[in-house]
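Some notes on the structure that comes next.
Just so you know, these numbers come straight off a predicted model, no measurement behind them.
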There are 2 protein chains.
Amino acid sequence: MLRPTRQTNQGNSAALSSKPIKTGPRVYEEIRRMAMDYRFKPNERINEVALAARLNVSRSPIREALQRLVTEELITFQTNRGFFCRGFDVDEIVNLSDVRAVLEERSVRLAIQRASDEELAALVDWWTLTMARADSFSSTELTARDEEFHIRIARLSGNPELARMLEGINTRIHFVRKIEVEKHRRLSTTYTEHSEIARAMVARDADGAARLMHDHIAISVADAMSTVREGLARIYVDVDVDQI
Amino acid sequence: MLRPTRQTNQGNSAALSSKPIKTGPRVYEEIRRMAMDYRFKPNERINEVALAARLNVSRSPIREALQRLVTEELITFQTNRGFFCRGFDVDEIVNLSDVRAVLEERSVRLAIQRASDEELAALVDWWTLTMARADSFSSTELTARDEEFHIRIARLSGNPELARMLEGINTRIHFVRKIEVEKHRRLSTTYTEHSEIARAMVARDADGAARLMHDHIAISVADAMSTVREGLARIYVDVDVDQI
DNA sequence: CCAATCAGAATTGTCGACAATAGAAACGGC
DNA sequence: GCCGTTTCTATTGTCGACAATTCTGATTGG
């Protein structure tokens, strides 16, 4: 099965995408998404040939993408044993949250210091609009909006390195965050917290915004444990339904 | 030239290292070091075949190593155009220093909170010993000690994610730091600053240590510009003398 | 019944080959 | 003499093949 003859490099993805998307970047993005969503089970070995067959490419682009993901900490690697899905660990989540809190605090402070009034007003408007539509969004969409809120602030900080590191953390805690979004959806506290942060930014209240941001991000070990429990349940109950 | 016949995977590195070091990790480490030291000129295109020939391997391990280094921000990549050495830029250095300062402050605070008296005493002793021997160290060795001082504190923070991020920043600013070490060597201010930080840690003075750390790391734009100027001079004057 | 050993199978590590793309040089029109 | 083509060359992207290593699980001895 699956295309025994040599293909002339283009026709992959079986006429699904008519655009000639480069396989390298496509493969990277696809595996990255899989890792973010824990489509691989924690600590599971990732079989290169199986993955290559699934994505209709050879092992070369697979391995290159996996190597990149290793330094992004989305997967791990052991010589002669291959690539593994990262674990799903309470300590890691707590530690990442701690780092994230520090960086996000710096992020708002710099944004308050450097962003224009228009930019901050745009942030408030965008989030207000998002909140109004919140009920029509799926959890996935809502998670994306949550992530975007923080990314926007990071961009406004004017420090691309800071933004990049926060994005790196975001991809690592994406799965956790999605669970938290659904939890909070019932409480709907997240959205008001974002509003408060944005308001403090408009008011140029650096200390206040930083404190709000910190409290918004800080996570208790108990909360982390509960989230991990919930996450593990999902990881091991959802079934792969997309076989070609 | 250079070994036309197929080699049976081992005999590379031409009997230099009798140990059977895995080529993958070795290649990665070697290229990484080259990038850290700006053995590639800023924004220079990195030729895969030339690099492969130089390290006596095929392009596969080269490309995998380069992909890893891309996410470490040590090199850049453009589809169908290949890999490039990162630039040597004032803004980048300033931005990285800003992030670093925030993370290192958190690092000392956590270390003060979590490290044992013995661990902190060991830190002081080690640095005292290092200072005593300082004159006998080359600039490279001294830079390594400087980096190690900060890494040790990061480890004592008990947050591996924090430590990892700082290590990532360290590799990116290694070249800058080496220049700064040589500058300060004449002033020999770095070493006393380290001593002060360590003393504040032993005294469990979190605010004091954090402030000292911040001032130790903070860099003015003017300083950064001067360092970049000096760095560019070195990059473009030093000649490759190691042609096999 | 369990532990250690040892084939056989599965998987990874690295290589050379070739097509596709980008880059450089030669060419010609103006 | 300069700018846009066109051809040719250099370089990257991806592949399949094979050796080296690890994993599996069957076998044997205690």
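What separates CD1 of B/Ile62 from P of C/dG13 is a distance of 16 Å, to the nearest Å. Remark: P of C/dG13 and OH of B/Tyr28 are 16 Å apart, rounded to the nearest angstrom. Regarding A/Leu51, its CG atom lies at a distance of 13 Å from the P atom of D/dC15, rounded to whole Å. B/Glu64 has its CD atom 11 Å from the P atom of C/dC15, to the nearest Å.
Taking A/Glu118 as the reference, A/Ser116 meet the side chain to side chain contact (heavy atoms under 4.5 Å, CB included) condition, with sequence neighbours excluded. Every side chain to side chain contact (heavy atoms under 4.5 Å, CB included) that B/Ser226 has, sequence neighbours left out, goes to B/Lys183. Applying the side chain to side chain contact (heavy atoms under 4.5 Å, CB included) rule to B/Arg59 yields the partners B/Glu48, B/Val49, B/Ala52, B/Arg63; only residues at least two apart in sequence or on another chain are considered. Under the rule for a side chain to side chain contact (heavy atoms under 4.5 Å, CB included), the partners of A/Val228 that lie at least two apart in sequence or sit in another chain are A/Phe88, A/Val90, A/Ile93, A/Leu232.
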Show each protein N/O and nucleotides 8-12 of chain D N/O combination with a separation under 3.5 Å, one pair to a line.
| from | atom 1 | to | atom 2 | distance (Å) |
| --- | --- | --- | --- | --- |
| D/dT11 | OP1 | B/Asn47 | ND2 | 3.1 |
| D/dT12 | OP1 | B/Ile46 | O | 3.3 |
| D/dT12 | OP2 | B/Glu48 | N | 3.4 |

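Among residue pairs with one or both ends in residues 149-171 of chain B, those qualifying as ring-ring contact (aromatic ring centres under 6.0 Å, His included) are B/Trp127-B/Phe149, B/Phe149-B/His194, B/His150-B/His194, B/His150-B/His216; sequence neighbours excluded.
Taking only side-chain nitrogens and oxygens, B/Ser58 comes nearer than 4.0 Å to OP1 or OP2 of C/dC15.
With respect to the salt-bridge test (charged N to carboxylate O, under 4.0 angstrom), the residues A/Glu29 and A/Arg32 qualify.
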